[in-house]
Amino acid sequence: MEKAIHKKPKHTRFERNRLLTGILFLVPSTIICFLFVVLPVLNVIKYSFNEWPGIDTVPMKFVGFDNYAAVPKTQGFGEMIVSTITFALGVTILTVLVSFIVAMALDKRDKGRINRNLMRSMWFFPCLLGHAVVGILWRIMYHYSNGVINKTIVQLGGKPVNWLETRVLTNFSIIVPTVWVLMGMTIVIFLAGLQSIPTELYEASTIDGANKSQVRRFITIPMMAPSITINVLTTSIAAFKMYELPWFISLGLPGYSTRLLTQRIYFFGFENTGQMGIGAALSMILILTITLISLLQFVFLRKREDIF
Amino acid sequence: MAKNNLNQIPGATTHKSNRIGGVSELASKIFGEFILVVFSLLIWIPIYYFVIGAFKERGDIVKYPLLLTPELFTLDNFGAAIDKMNFFAALKNTGTITIVTLVIVVAFGSLAGFALSRIDHKAFRIYFAVIIALMVVPFIGVIIALIKQTVSMKIYNSLWANILIQAAWNLPFSIFLYTGFMRALPKELEEAAYVDGCSMFRVYFNIFLPLLAPVTATCLIRTGIGVWNDFLLSLTVLNDSYTPTLMVAVQSFFGERTSEYGLAFTGILLASIPIMILFIFLQKYFIKGIAAGAVKG
């Protein structure tokens, strides 16, 4: 901007026209995004500070932070915190770990035997399915007496496992399908990262006599640090946002033990509509959590751009 | 960063194999390959299970979960599922929502991206930062207010509400993509046209638009999959009185106690098959598009 001023002392008519046309070009997207993204965000903030049953004829009553204060007193709050954090942590750790190992195995550098593109597509495929559909599918697979998982266990001589109604185990049961879905993306990002490591690095280390595990330890993993960070952050955001997939699998059961933050927002917003304010306060907690992770990501991405 | 061709980074630079391949190394390679194949097949079991399940009766799905023989094969599920989930009406809804959303997102997104990338002005840079900030907001975080708002705007329970909301939530990403892409295009591209007295819209339409194919492909695939697979918005904004979208319709086979497995699997297959077929033909673009979305957003 400053540079532009120094170069051209006055705005020409041509430039002013250009600016006006440019603004005109932004109008359609601005209207749509303002109406359906910005406005609802402002409204959620407003709801979170008001007491309101959600009916237009009843006026809102400003209550300050009362809704936020009421959140910890809602039934199953402790379980929500535990389940949401276990879910996000479990999904993030497992997804990143598994996809890192798979990406190493799929790396194009060791070209040869089986078509790597086909394999990559195979691992990528699950992330094309809708989350609702995946949830329904896995719930059937987990079924105690009819599901394929217990059927297989019984056939192998084991005892059937109650995947969907056992505390702690069910928290794990909702993590696995989520990893199954998210993995496709993280693998692709890891593969891109692996392929950007210069081949010379590997060659030089081999000449210096490094063995395979040393190469992995001192070249691959440090060079992959940026991709690992990106995948950790994006996967954790995705896990915090996840709604229908874990819901269709466990329905929040047993008790409240797998009911996540997002599912609680839905509950207070659409089922228990008397307490709109609490739903809005929960929404704000989610928005702030995700904003925080995104800020980390943003700072990190900027830093990385400086390096490269 | 996002616009880098994620899967086209030259991976072709393979080792000029300068290591001596001993017998043990060969064995470990074969073993590694074997493990990889086993796991690749394992993660496909859920997909295999539901696809063959769509062609079996409920009892056979339970009895022989992973088998499909000619004796078990049946097409009965399809008729019943198409009937029960009101398939063609749901397909029409999902199709309409997806296509109209894509048109809006590509048209307005590229227009805004053109302005943001070609005009160097402080206000435009701030606007771009706001767009990036909008990409961060989680949809479920505002759904309560959003649905209330559609009611007061009198568009609740209409396809238009669904389309406009989808467009609004996908526009920031497409603006981000288009702006990034066009920033990399040289200035000389348009200068001659302006000297000849072309309007800005002509420059956008005749000179830039034809160059945007790669980024449009990314945008179409990412937005398309997201909108097609959307469940939450369609569930909340299209009320019971409206024929639902495919993803919501599949839910009709799902009860807490009883489940018609055969119908559910057929429903899942019917709802996912268009994307599955497209993927088979456009794998490269799909993977690139999704990965671009993952890096940012």
Side-chain angles (χ1 to χ4, degrees), chain A residues 1 4 18-19 21-22 25-26 28-29 32-33 36-37 39-41 43-44 47 105 108-109 111 113-114 119 121-122 124 127-133 136-137 140-141 146 148 151 180 185 188-189 192 195-196 199 230 234 241 243-244 262 265 269-270 279-280 283 286-287 290-291 294 301, chain B residues 1 6-7 9 11 13-15 33 36 40 43-44 46 49-50 62 65 108 111-112 114-115 119-122 134 136-138 140-146 149 164-165 167-169 171-172 175 200 225 229 231-232 236 247 250 254 259 261 264 268 271-272 275 279 283 287 290-291 294-295:
Chain A
M1 177 63 188
R18 233 167 99 83
L19 195 63
T21 323
F25 282 11
L26 294 177
S29 349
I32 296 180
C33 289
F36 297 106
V37 185
L39 206 56
V41 171
N43 276 331
V44 167
Y47 292 171
K108 276 198 183 142
R109 251 178 252 274
K111 226 177 190 170
R113 294 77 47 188
I114 295 162
M119 293 282 227
S121 291
M122 278 182 83
F124 180 79
C127 82
L128 296 171
L129 299 171
H131 288 179
V133 153
I136 294 173
L137 170 62
I140 298 174
M141 290 175 56
N146 299 335
V148 63
K151 280 264 164 195
W180 186 69
M185 268 199 283
V188 172
I189 290 170
Q195 281 159 29
S196 66
T199 313
I230 294 213
T234 45
K241 280 186 187 169
Y243 166 75
E244 62 261 37
T262 47
I265 292 173
F270 297 104
S283 302
L286 178 70
I287 293 176
I290 289 181
T291 309
S294 304
L301 278 175
Chain B
M1 53 230 127
L6 281 170
N7 64 340
I9 293 160
T13 49
T14 44
H15 280 300
E33 203 74 356
L36 181 63
S40 306
I43 62 149
W44 264 67
Y49 178 58
F50 91 74
V62 174
F108 293 167
L111 202 59
F114 176 70
I119 298 172
D120 190 34
H121 192 276
K122 199 177 179 188
L134 289 188
V136 169
V137 185
I140 188 155
V142 303
I143 186 128
I144 299 176
L146 199 51
Q149 194 184 313
L164 287 173
I165 294 170
W169 284 81
L171 263 173
I175 294 175
M200 239 175 114
I225 295 175
N229 284 338
F231 174 78
L232 189 58
T236 45
M247 288 297 148
V250 173
F254 178 78
S259 273
Y261 303 138
I268 294 174
S272 324
I275 299 235
F279 175 71
Q283 288 175 37
I287 292 174
I290 296 264
V295 172

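Any value given below was found using the heavy atoms of this structure, including those in side chains, with hydrogens, waters and symmetry copies removed. Below, chain A is the first sequence line, B the second, and so on; all start at residue 1.
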Taking side chain as C-beta onward, heavy atoms only, is [X] less than 4.5 Å from [Y]?
X	Y	answer
B:Trp44	A:Met122	yes
B:Met247	A:Val133	yes
A:Leu129	B:Ile268	no

Checking heavy atoms, do the side chain of A:Tyr243, its backbone, both or neither come under 4.5 Å from chain B?
side chain
Among B:Ile143, B:Leu146, B:Leu134, which residue forms the greatest number of heavy-atom pairs with chain A at distances under 4.5 Å?
B:Leu146
For each of B:Phe114, B:Phe108, B:Phe50, tally heavy-atom pairs with chain A at distances under 4.5 Å, and name the one with the top tally.
B:Phe108
Closest approach of [X] and [Y], non-hydrogen atoms and distance?
X	Y	answer
B:Ala264	A:Ile140	CB-CD1, 4.0 Å
A:Ile290	B:Pro138	CD1-CB, 3.6 Å
A:Val44	B:Val142	CG2-CA, 3.7 Å
B:Ile43	A:Trp180	O-NE1, 2.9 Å
A:Asn43	B:Ala145	CB-CB, 3.7 Å
A:Cys33	B:Pro172	SG-CD, 4.0 Å

Would you check if the side chain of B:Asn229 reaches a backbone N or O of A:Leu128 as a donor-acceptor pair within less than 3.5 Å?
yes
If you count heavy-atom pairs within less than 4.5 Å of chain B, which of A:Ser294, A:Pro40, A:Gly130, A:Ser283 leads?
A:Pro40
If you count heavy-atom pairs under 4.5 Å between each of A:Thr262, A:Thr21, A:Val37 and chain B, which one has the most?
A:Val37
Taking ring-ring contact (aromatic ring centres under 6.0 Å, His included) as the test, write out the residues that go with A:Phe36, two or more places apart.
none
To the nearest 0.5 Å, what is the distance between CD (B:Glu33) and CE (A:Met119)?
5.5 Å
When rounded to the nearest 0.5 angstrom, what is the spacing between CZ in A:Phe270 and OG1 in B:Thr236?
5.0 Å
Can you tell me which portion of B:Ser272 sits under 4.5 Å from chain A's heavy atoms? Options are side chain, backbone, both or neither.
side chain
